2 protein chains.
Amino acid sequence: MPYPAKLHPGTILSAARQLLEDGGPEALSMRPLAERLGVQPSSLYRHYADRAALLSALETEATLELLATVQAHAAQATPAASLHAVGLAYLAYARQHPHLYGLLLAPKEPYMATPGPGKDLWNAVLALVDAVTGQPDDTAATVAVWAYLHGFVVLERSGQFGLSGPRGGFERGLQALIEGLGRKGGDAGPG
Amino acid sequence: MPYPAKLHPGTILSAARQLLEDGGPEALSMRPLAERLGVQPSSLYRHYADRAALLSALETEATLELLATVQAHAAQATPAASLHAVGLAYLAYARQHPHLYGLLLAPKEPYMATPGPGKDLWNAVLALVDAVTGQPDDTAATVAVWAYLHGFVVLERSGQFGLSGPRGGFERGLQALIEGLGRKGGDAGPG
DNA sequence: GTCTATAGCAGGATAGAC
DNA sequence: GTCTATCCTGCTATAGAC
């Protein structure tokens, strides 16, 4: 009777995504996933080799979405404005999908190293930063921007900002960073 | 014959710390910990209520160490130089003790909210940032600096910078951030 | 204060029938 | 392609003897 197969990779993945988004990585386990799909846990292995494969697929999904978000905000009047808008959009995505976003920075090989959506995302941000600093392939500045964005996301998620937290602080720092990176120098010593 | 008790809270904690530092949080489990101490797992519960108590004690230890590191580098010729030096010291500590550092930002109540070593650490950085921006209690700017520092640590640990990664990028961004925050304005719009 | 013994839970994954 | 049945591993934590 199970002629129209109950399961398709897409169905599984979307259920898995819901589990992850609702309850974090630990909530995405094979048994609850199967239950939500009305299926036995072992059936899932016909479609995904193991749990890691599911997570990997979700990570790709998230990367593509974040890339699309970035691209959608990258065209502003000035390079600084573009980077500013993209920063806000990045934060917004991470806030909307915290657990999905969390997959993006699990220990792995660098995005910039291997082709794929991750590298596309890196390149998109790199181009924006280059436009601001005026230097081609400005890896160091891109890393700085990325560190700031990611750090803010993590701090906020860890609860450090509390309920009435200084969320306006995000733009203050982003602005300062863009300004500071934009100046030709970078040669002012610490002293 | 076990007159000199085998276990003391300090002994346990230092063994626990080693497990954590060597293998991350998952490596700190009660059975291996007991084995390393030549003891049965159940014996540990005489000294620490549960595993969470161990982690909490280690977190306090790490916070105090990081605070000491910050204080040791805070006295430079100028406020900017102090913040710069502290930033480097912060990164160095996180690199030296990645898993211990990792305990510091597990989801919890904000450091700035409740008295304790965490709040002391926050206040120490806050004072440095205030001196740079010229504003008292400049929470927003402090958050920005902290986000940058933490974000860089996490990105680096996640392997994003590879082996020959742009570690010099850290100072570039830190410098830019300090400069940008130091300017009176912050009022320059994104456009 | 340490021991033995064990309860209890959750998780990933596989073998083989249908 | 889904099922039943099960294995295996890992973990925290407790009860009660000594």
Side-chain angles (χ1 to χ4, degrees), chain A residues 1-62 98-100 102-103 106-108, chain B residues 1-62 98-100 102-103 106-108:
Chain A
M1 218 162 289
Y3 277 139
K6 290 187 191 174
L7 294 177
H8 299 273
T11 323
I12 299 179
L13 199 63
S14 109
R17 176 172 176 149
Q18 251 185 324
L19 284 178
L20 176 76
E21 298 217 57
D22 290 354
E26 321 91 54
L28 172 45
S29 46
M30 304 306 266
R31 269 183 267 237
L33 177 57
E35 193 186 8
R36 166 171 297 218
L37 289 161
V39 149
Q40 293 304 314
S42 55
S43 308
L44 300 169
Y45 291 87
R46 284 278 155 190
H47 304 271
Y48 287 92
D50 51 21
R51 182 176 176 271
L54 276 170
L55 285 171
S56 169
L58 286 175
E59 186 199 325
T60 302
E61 212 170 276
H99 296 298
L100 213 44
L103 294 183
K108 64 164 82 57
Chain B
M1 224 160 284
Y3 279 141
K6 288 186 189 176
L7 294 176
H8 299 273
T11 324
I12 298 178
L13 200 62
S14 111
R17 176 172 177 152
Q18 250 184 327
L19 283 178
L20 177 75
E21 297 219 56
D22 290 354
E26 320 92 53
L28 172 44
S29 47
M30 304 306 265
R31 271 187 272 233
L33 177 58
E35 193 185 9
R36 167 171 297 220
L37 290 161
V39 149
Q40 294 304 313
S42 55
S43 309
L44 300 169
Y45 291 88
R46 284 279 156 187
H47 304 271
Y48 287 92
D50 51 22
R51 182 175 175 273
L54 276 170
L55 285 171
S56 170
L58 286 175
E59 187 200 323
T60 302
E61 211 170 278
H99 296 297
L100 214 44
L103 294 183
K108 64 165 80 61

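Sequence lines set the chain letters: A, B, ... in the order given, protein chains first and strands last, and positions in each chain run from 1. Here the structure is a predicted model, which means the values were calculated and not measured.
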Novice: What's the CD1-P distance between B:Ile12 and C:dG1, to the nearest Å?
Specialist: 11 Å

Novice: Can you measure from CG (B:Leu55) to OG1 (B:Thr60) and round to the nearest 0.5 angstrom?
Specialist: 11.0 Å

Novice: In a table with atom names and distances, give each donor-acceptor pair under 3.5 Å that connects a side chain of residues 24-43 of chain A to protein atoms at least two apart or in another chain.
Specialist:
residue, atom, partner, partner atom, Å
A:Arg36, NH1, A:Gln18, OE1, 3.0
A:Ser43, OG, A:Gln40, O, 3.2

Novice: Mind listing the closest non-hydrogen atom pair of A:Lys108 and A:Leu103 along with its distance?
Specialist: NZ-O, 3.8 Å

Novice: Give the residues of residues 45-53 of chain A touching DNA chain D, defined as any heavy atom closer than 4.0 Å, sorted by residue number.
Specialist: A:Arg46, A:His47

Novice: What's the CG-C1' distance between A:Leu28 and C:dG12, to the nearest Å?
Specialist: 12 Å

Novice: Here's a test of your reading of the structure: between A:Glu26 and B:Pro41, which maps to the more 5' nucleotide of DNA chain C?
Specialist: B:Pro41

Novice: Once you round it to whole Å, what is the distance between P of C:dT14 and CG of A:Leu44?
Specialist: 13 Å

Novice: Enumerate the protein-to-nucleotides 5-9 of chain D contacts in which both atoms are nitrogen or oxygen and the separation is below 3.5 Å.
Specialist:
none

Novice: Can you check whether B:Gln40 has a side-chain N or O nearer than 4.0 Å to OP1 or OP2 of C:dT2?
Specialist: no

Novice: So, for B:Tyr48 and B:Pro9, which heavy atoms are closest and what is the spacing to 0.1 Å?
Specialist: OH-O, 3.1 Å

Novice: Distance check needed: C:dG12 P versus A:Leu54 CG, whole Å only.
Specialist: 10 Å

Novice: To check you understand the geometry: which heavy-atom pair defines the closest contact between B:Leu58 and B:Leu100, and what is its length?
Specialist: O-CD1, 4.1 Å

Novice: Could you pull out the closest heavy-atom pair between B:Asp50 and B:Tyr45, with the gap in Å?
Specialist: CA-CE2, 4.1 Å

Novice: In whole Å, I'd like the distance from the CE atom of B:Met30 to the C1' atom of C:dT2.
Specialist: 14 Å

Novice: Nearest 0.5 angstrom please: A:Leu13 CG to A:Leu54 CG, how far?
Specialist: 6.5 Å

